[in-house]
Structure formats: C-alpha cells, structure tokens
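In what follows, residues are counted from 1 in the order of the sequence shown. Only this structure's heavy atoms are used, side chains among them; waters, hydrogens and symmetry mates stay out.
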Amino acid sequence: MEQQTSIRTSLQLGIYKIIDPFVKLLIKLGLTPNAVTSIGFVLNVGVAAIFIIGGEDGDRADLTYIGWAGGLILFAGLFDMLDGQVARLGNMKSVFGALYDSVLDRYSELIMFLGICYYLVAHHYFLSSIFAFIALIGSMMVSYVRARAEGLGVECKGGLMQRPERVITIAVFAIACGVASNYIGGDYKLWIPGIRFHVFETMSIFTFPIAILAVLTNLTAFKRLVDAKKALSENDHE
C-alpha cells in the first residue's frame with residue numbers, strides 16, 4: 001500500500017510540474033479555485049450532453065461520440081487538478097472551497113455516469129448499462145466511506161480506484177473505442193467457432209473497462225471500510 005501511495009504521489013508531483021505554468025496563468029487572469037472547479041463541472045455537463053446526443057442521434061455503429069466524450073472527460077479532469085493547485089499557489093485555500101470542490105466532484109461524476117448509462121440504454125447495451133450503474137454506486141461509496149471515516153477522525157484514502165484513476169480509465173478507453181471504430185468499424189464483432197455469441201466487439205473497448213470498474217470501485221469502498229474499522233478499533237483501545 002505504501003509503495004502504491006508513493007508511486008501515485010510521484011506521478012501527481014510530476015503532473016503538477018507540467019501544469020504549474022498554466023496554473024500561474026489562471027491566477028494572473030484572476031480565476032479563483034471555485035471558478036476553476038465550476039468550469040470543470042460545466043465541462044462534465046458537456047460530457048453527459050455528448051453521450052445523450054450520441055444516444056439520441058447517433059447510430060449504434062457510430063462510436064465517435066464516445067471518443068469525443070472521452071477527450072472531454074480528460075480535459076475536465078485536468079480542471080479537477082487545477083483548482084487545488086490554484087488554491088495552493090495563489091494562497092486562496094478556504095474551508096468552503098474544499099467543500100465546494102468535493103460536492104462538485106460528486107455531481108460531475110454522477111452527471112458523467114448519467115450520460116454513459118443513457119447512451120448504453122439508448123443503444124440497447126442493457127448489461128453494460130447495469131455495470132455502469134454499479135460502477136457509479138462504487139464510485140460514490142468510495143467517496144462516502146472516506147468522508148464518513150474522516151468525520152469520525154480516521155484518515156481513509158487508500159484503494160485502487162480513487163477519483164483520478166476512475167476518470168483516467170473511463171477517458172482513455174472511451175478515446176480508444178472512438179479511435180478504434182475508425183479503423184476496424186464500429187460494428188466489428190469477433191466470433192469463435194462453437195460459441196453462439198460474439199466474444200468481442202468494438203464497443204467492448206469501452207464497456208469491458210466499465211465492468212472492471214464496477215468491481216474495483218466497490219472493492220475499494222469495502223477495503224476502505226475495513227481499514228476504517230481497524231483504525232477505529234485501535235483508537236478505542238488507546
């Protein structure tokens with residue numbers, strides 16, 4: 001766990017070095033951390049809009065909407081990092097700012113998954129839409145367990161699928177799905193002799209990771225619960 005945390009911290013520090021010049025530009029332009037957080041939220045509303053439009057107007061074999069949505073998810077995710085850096089480098093930290101950031105992060109993720117579920121249902125990927133909903137539940141519980149544990153005085157930040165990992169996973173595979181559809185076609189299917197159904201299709205590039213996310217997010221929430229129980233028990237015996 002310590003090694004995982006160390007790697008994650010090192011990656012974050014490396015990213016901060018890259019984005020800090022942009023952060024300083026935002027500060028010079030007069031943007032506050034809350035304004036940056038709000039921009040990220042609006043971008044995630046745009047993500048949901050792309051998925052919904054794709055579900056309404058797009059063809060089942062046209063996966064370009066997924067690719068464009070993935071690109072916007074990455075861009076919106078950048079603002080999730082920028083707001084914290086703007087607060088730190090601009091000396092604009094506030095208790096309400098931290099609360100505002102957390103609340104809008106939850107709204108952003110809920111709205112993103114709303115768009116994903118809408119798209120999957122609209123194009124009759126019912127099983128995948130269920131996995132997306134389960135992934136949504138897990139994502140919210142990861143955050144909820146941490147919030148409740150910290151409210152009881154216990155730090156609870158571990159696990160494989162924290163918000164940055166979830167955002168990057170969905171974004172990268174959404175982009176990959178959109179790009180792949182331009183090369184192999186959006187309706188490509190792989191059949192294996194003797195099996196009555198196809199074992200892979202282009203859309204699987206997006207839906208398989210969502211199914212994995214559904215499992216890992218809930219495992220992360222459960223692990224945090226176990227870690228919190230252990231910490232609370234230790235506190236009770238002190």
Test question: given the 4.5 Å side-chain rule for I, L, V, M, F, W and Y, name all other residues clustered with V142, or answer none. none
How far apart are the closest heavy atoms of [X] and [Y], and which atoms are they?
{"X": "P209", "Y": "T169", "result": "CB-CG2, 4.3 Å"}
{"X": "S181", "Y": "T64", "result": "OG-N, 4.4 Å"}
{"X": "C177", "Y": "L63", "result": "SG-CD1, 3.6 Å"}
{"X": "R166", "Y": "R106", "result": "NH2-NH2, 4.4 Å"}
{"X": "V167", "Y": "G77", "result": "CG1-CA, 4.3 Å"}
{"X": "I73", "Y": "A171", "result": "CG2-CB, 3.6 Å"}

With the 4.5 Å side-chain cut-off for hydrophobic clustering, are [X] and [Y] part of the same group?
{"X": "V86", "Y": "L89", "answer": "yes"}
{"X": "V215", "Y": "F113", "answer": "yes"}
{"X": "Y144", "Y": "M112", "answer": "yes"}
{"X": "V179", "Y": "W68", "answer": "no"}
{"X": "M140", "Y": "L219", "answer": "yes"}

Could you give the distance from [atom1] ([X]) to [atom2] ([Y]), rounded to the nearest 0.5 Å?
{"X": "I205", "Y": "I210", "atom1": "CD1", "atom2": "CD1", "value": "12.5 Å"}
{"X": "L225", "Y": "M141", "atom1": "CG", "atom2": "CE", "value": "8.0 Å"}
{"X": "F79", "Y": "L104", "atom1": "CZ", "atom2": "CG", "value": "13.5 Å"}

State whether the number of non-hydrogen atoms from other residues, nucleotides or ligands found under 6.0 Å of K24 atom NZ is greater than 12. no
Suppose we screen for side chain to side chain contact (heavy atoms under 4.5 Å, CB included). Which residues come up paired with [X], at least two apart in sequence or across chains?
{"X": "L29", "value": "L25"}
{"X": "D57", "value": "I53, Y65"}
{"X": "A61", "value": "D59, D187"}
{"X": "K230", "value": "E234"}

Taking side-chain hydrogen bond (donor to acceptor under 3.5 Å, both in side chains) as the test, write out the residues that go with R60, two or more places apart. none
Check side-chain hydrogen bond (donor to acceptor under 3.5 Å, both in side chains) between E155 and all other residues, then give those that pass, not counting sequence neighbours. none
Which residues share a salt bridge (Lys or Arg N to Asp or Glu O under 4.0 Å) with D80, sequence neighbours left out: R163
Residues at least two apart in sequence or cross-chain that pass salt bridge (Lys or Arg N to Asp or Glu O under 4.0 Å) with R224, listed by chain then number, are none
For E165 and L216: C-alpha separation, side-chain torsions, deciding distance, then whether side chain to side chain contact (heavy atoms under 4.5 Å, CB included) applies. CA-CA 11 Å; E165 288 87 340; L216 293 182; over 6 Å; no
Parallel, tilted or perpendicular for F208 and F200, by the 30°/60° rule? perpendicular
Please collect all side chain to side chain donor-acceptor pair (under 3.5 Å) contacts where either partner lies in residues 201-219, sequence neighbours excluded, each pair once. H198-E201
4.5 Å side-chain heavy-atom contact, F222 and V226: yes
Using a 4.5 Å cut-off on heavy atoms from C-beta on, say whether the side chain of I66 contacts that of F51. yes
Quick one: side chains of residues 31-50, donor-acceptor pairs under 3.5 Å with protein atoms, not counting sequence neighbours, listed by atom name and distance.
{"unit_1": "T32", "atom_1": "OG1", "unit_2": "A35", "atom_2": "N", "d": "3.2"}
{"unit_1": "T37", "atom_1": "OG1", "unit_2": "P33", "atom_2": "O", "d": "3.0"}
{"unit_1": "T37", "atom_1": "OG1", "unit_2": "D83", "atom_2": "OD2", "d": "2.8"}
{"unit_1": "S38", "atom_1": "OG", "unit_2": "N34", "atom_2": "O", "d": "2.9"}
{"unit_1": "S38", "atom_1": "OG", "unit_2": "Y100", "atom_2": "OH", "d": "2.7"}
{"unit_1": "N44", "atom_1": "ND2", "unit_2": "G40", "atom_2": "O", "d": "3.0"}

Going through the distances and angles, do I116 and I170 end up as a side chain to side chain contact (heavy atoms under 4.5 Å, CB included)? CA-CA 10 Å; I116 292 172; I170 293 174; 4.0 Å; yes
Only pairs under 3.5 Å count here: list side-chain donor-acceptor contacts from residues 117-137, not counting sequence neighbours, and write none if there are none.
{"unit_1": "Y118", "atom_1": "OH", "unit_2": "E56", "atom_2": "OE2", "d": "2.4"}
{"unit_1": "Y119", "atom_1": "OH", "unit_2": "D62", "atom_2": "O", "d": "3.4"}
{"unit_1": "H123", "atom_1": "NE2", "unit_2": "G54", "atom_2": "O", "d": "3.0"}
{"unit_1": "S129", "atom_1": "OG", "unit_2": "F126", "atom_2": "O", "d": "2.5"}

